[in-house]
Amino acid sequence: MTTPSAKATGVLKPVLSAQDALADIPDGATVLIGGFGGAGNPVELIHALIDQGARDLTIVNNNAGNGDVGLAALIRERRVAKIICSFPRAASAHAFTEEYQAGRIELETVPQGTLAERIRAGGAGVPAFYTRTSVGTPLAEGKEIRAFDGRDYVMEHAITGDYALVKCLRADRMGNLTYSKSARNFAPIMCMAAKCAVVQTVELVEPGAIDPETVVTPGIFTGRIVHTPDAVQEQVLFEQGARYP
Amino acid sequence: MTPAADAAATAKPKKIGLTRAQMAWRAAQDIPDGSYVNLGIGMPELAALYVPDGRQVTYHTENGVLGFGEGPPKGEEDWDLVNAGKKAIGLLPGASIFHHADSFAMIRGGHIDLAILGAFQIAPNGDLANWRAGNEGIPAVGGAMDLVSGARQVWCITDHTTRAGEAKLMDACTYPLTGIGCVTRVYTDLAVIHVVEGRFHLKAIAEGITVEELQAKTASPLVVEGEIEVMAPPAL
């Protein structure tokens with residue numbers, strides 16, 4: 001074959017309801033959830049995951065939820081066995097704080113850049129890597145240290161997920177994605193690192209409607225699409241004092 | 001009593017040392033022209049207000065933005081556009097947006113010229129403790145460990161002592177470390193200190209305090225060589 005056959009269309013991704021998109025997430029799954037503080041949290045997908053009922057989840061997110069919606073609500077409902085994050089502390093992280101202090105949730109604190117690189121590595125097929133970050137600190141304890149050019153580095157393992165839940169601004173039917181400003185944060189690398197990335201999008205367009213030069217996440221990393229044109233920012237819900245369910 | 005002596009006796013004693021804004025101002029005077037800078041939450045981010053006019057400085061935030069500035073007024077925030085402290089920000093002309101792994105490649109790959117952070121404790125070998133005081137509470141580190149091990153220079157802005165008067169500059173940190181051998185300068189309310197080859201070098205001192213008094217508040221020897229600047233910040 002010299003050029004792609006004109007007979008084949010590109011691969012289209014299923015466009016599903018949030019309920020259907022998450023239906024097969026089993027108990028004990030590892031779920032990577034995008035978002036940083038109040039920006040980029042896939043609130044509608046997380047609420048659908050609460051409704052779905054999966055338990056004993058391992059969650060990877062930068063934080064540990066705000067207020068009583070989204071990730072905080074998932075934690076409050078005791079669906080999370082373990083959380084891997086860089087910054088679980090916040091004035092509004094009372095759901096996590098309560099569960100943690102009661103010993104009902106395991107915490108793995110990871111430096112933010114190491115967290116991002118572990119996820120990127122997971123998506124790129126790199127099982128582990130060495131980094132200068134955390135050398136000489138409590139977060140390097142028990143990990144392999146190796147010297148390169150006379151400096152010590154700590155070995156960190158890749159993170160992969162069974163699922164990723166992320167939010168984007170625009171998706172085409174082939175799963176190509178663009179994001180809204182700093183709501184991008186962890187989403188592109190989480191899509192890469194998960195077996196099935198479930199993407200909620202504000203806008204859903206036909207293939208070709210996104211300039212290929214501006215695609216941030218190529219469709220090969222996208223599993224399922226959920227169209228949520230009326231998605232609400234977590235920060236807005238938080239400021240309203242909203243609670244789910 | 002003469003009227004003047006009477007006024008002196010009843011006036012509050014003048015506080016020695018710089019205010020928080022003045023500390024940020026003093027550090028800002030030293031931010032190099034043409035640098036990419038990451039400012040930590042609190043006093044470090046105040047420094048952006050006081051960088052001298054005409055200097056080229058691009059600010060980086062861990063969550064994926066280069067070239068940000070002040071956010072919109074309250075009520076008009078765009079919560080898709082925040083900084084690492086989760087505050088609403090604005091984009092300046094020439095800004096760029098990228099994902100978290102690229103953002104930390106900038107930090108960990110040595111592309112950020114300068115990170116300015118807070119500190120609990122600093123040792124003359126450049127060790128820094130600023131993420132966890134003791135072993136109580138929930139361990140939360142954020143991007144601090146990446147910044148201190150990746151940025152080309154790491155400066156700290158901090159009060160010279162704790163509220164209880166304990167030294168923060170000491171021979172060896174006792175709190176859990178954020179990074180080893182990373183701090184190159186310290187800006188406090190009382191002094192500017194450069195960390196060079198395992199020693200604290202005094203470069204500037206606040207008005208109204210002697211080197212001996214400063215040493216008494218510093219739990220590690222200060223090297224005092226050459227001319228020492230007496231800091232003269234504007235009223236802030």
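Values below: all heavy atoms of this structure, side chains included; hydrogens, waters and symmetry mates excluded. Within every chain, numbering begins at 1; the chains are lettered A, B, ... in the order of the sequence lines, protein sequences first and strands thereafter.
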Heavy-atom contact with chain A under 4.5 Å, split by part of B:V65 | side chain
Between chain B and chain A, which N or O donor and acceptor atoms come closer than 3.5 Å?
unit_1	atom_1	unit_2	atom_2	d
B:D78	OD2	A:K181	NZ	2.8
B:D80	O	A:S182	N	2.8
B:D80	O	A:S182	OG	2.8
B:D80	O	A:A183	N	3.2
B:D80	OD1	A:Q233	NE2	3.0
B:D80	OD2	A:S180	OG	2.8
B:V82	N	A:S182	OG	3.0
B:I97	O	A:R184	NH1	3.3
B:H100	N	A:N185	O	3.0
B:H100	NE2	A:Q112	OE1	2.8
B:R108	NH1	A:G113	O	3.4
B:R108	NH1	A:T114	OG1	2.9
B:R108	NH1	A:T133	OG1	3.4
B:R108	NH2	A:T131	OG1	3.0
B:I138	O	A:R89	NH1	3.1
B:P139	O	A:T109	OG1	2.8
B:V141	N	A:S86	O	2.9
B:G142	N	A:S86	O	3.0
B:G142	O	A:Q112	N	2.8
B:D146	OD1	A:G113	N	3.4
B:D146	OD1	A:T114	N	3.4
B:D146	OD1	A:T133	OG1	3.1
B:D146	OD2	A:Q112	N	3.3
B:D146	OD2	A:G113	N	2.7
B:S149	OG	A:T133	OG1	3.2

Ranked by heavy-atom pairs below 4.5 Å to chain B, first place among A:G40, A:G136, A:A187 goes to A:G136
Is any side-chain heavy atom of B:L46 less than 4.5 Å from a side-chain heavy atom of B:I157?
-> no
Is it the backbone or the side chain of A:V216 that comes under 4.5 Å from a heavy atom of chain B, or both, or neither?
-> neither
So, the part of B:I107 with a heavy atom under 4.5 Å from chain A: the answer is neither
Pick from A:A39, A:G37, A:G113, A:A183: which one has the most heavy-atom pairs with chain B under 4.5 Å?
-> A:G113
Taking only residues two or more places apart in sequence, or in another chain, which ones meet B:S35 in a side-chain contact (heavy atoms from CB on, under 4.5 Å)?
-> B:I31, B:P32, B:V37, B:V57, B:D113
Identify the residues of residues 179-188 of chain B whose heavy atoms come closer than 4.5 Å to a heavy atom of chain A, ordered by number, or report 'none'.
-> B:G179, B:I180
Heavy-atom contact with chain B under 4.5 Å, split by part of A:L107 | side chain
Are there more than 12 heavy atoms of other residues, nucleotides or ligands under 6.0 Å from atom CD1 of A:I220?
-> no
Between A:P88, A:A93, A:A90, which has the largest tally of heavy atom pairs under 4.5 Å with chain B?
-> A:P88
Looking at side-chain heavy atoms only, is the closest gap between B:C173 and B:L128 below 4.5 Å?
-> no
B:D189 CG to B:R20 CZ distance, which is reported to the nearest 0.5 Å = 10.5 Å
Taken in chain and number order and not counting sequence neighbours, the residues that satisfy side-chain contact (heavy atoms from CB on, under 4.5 Å) with B:K168 are B:T158, B:T162
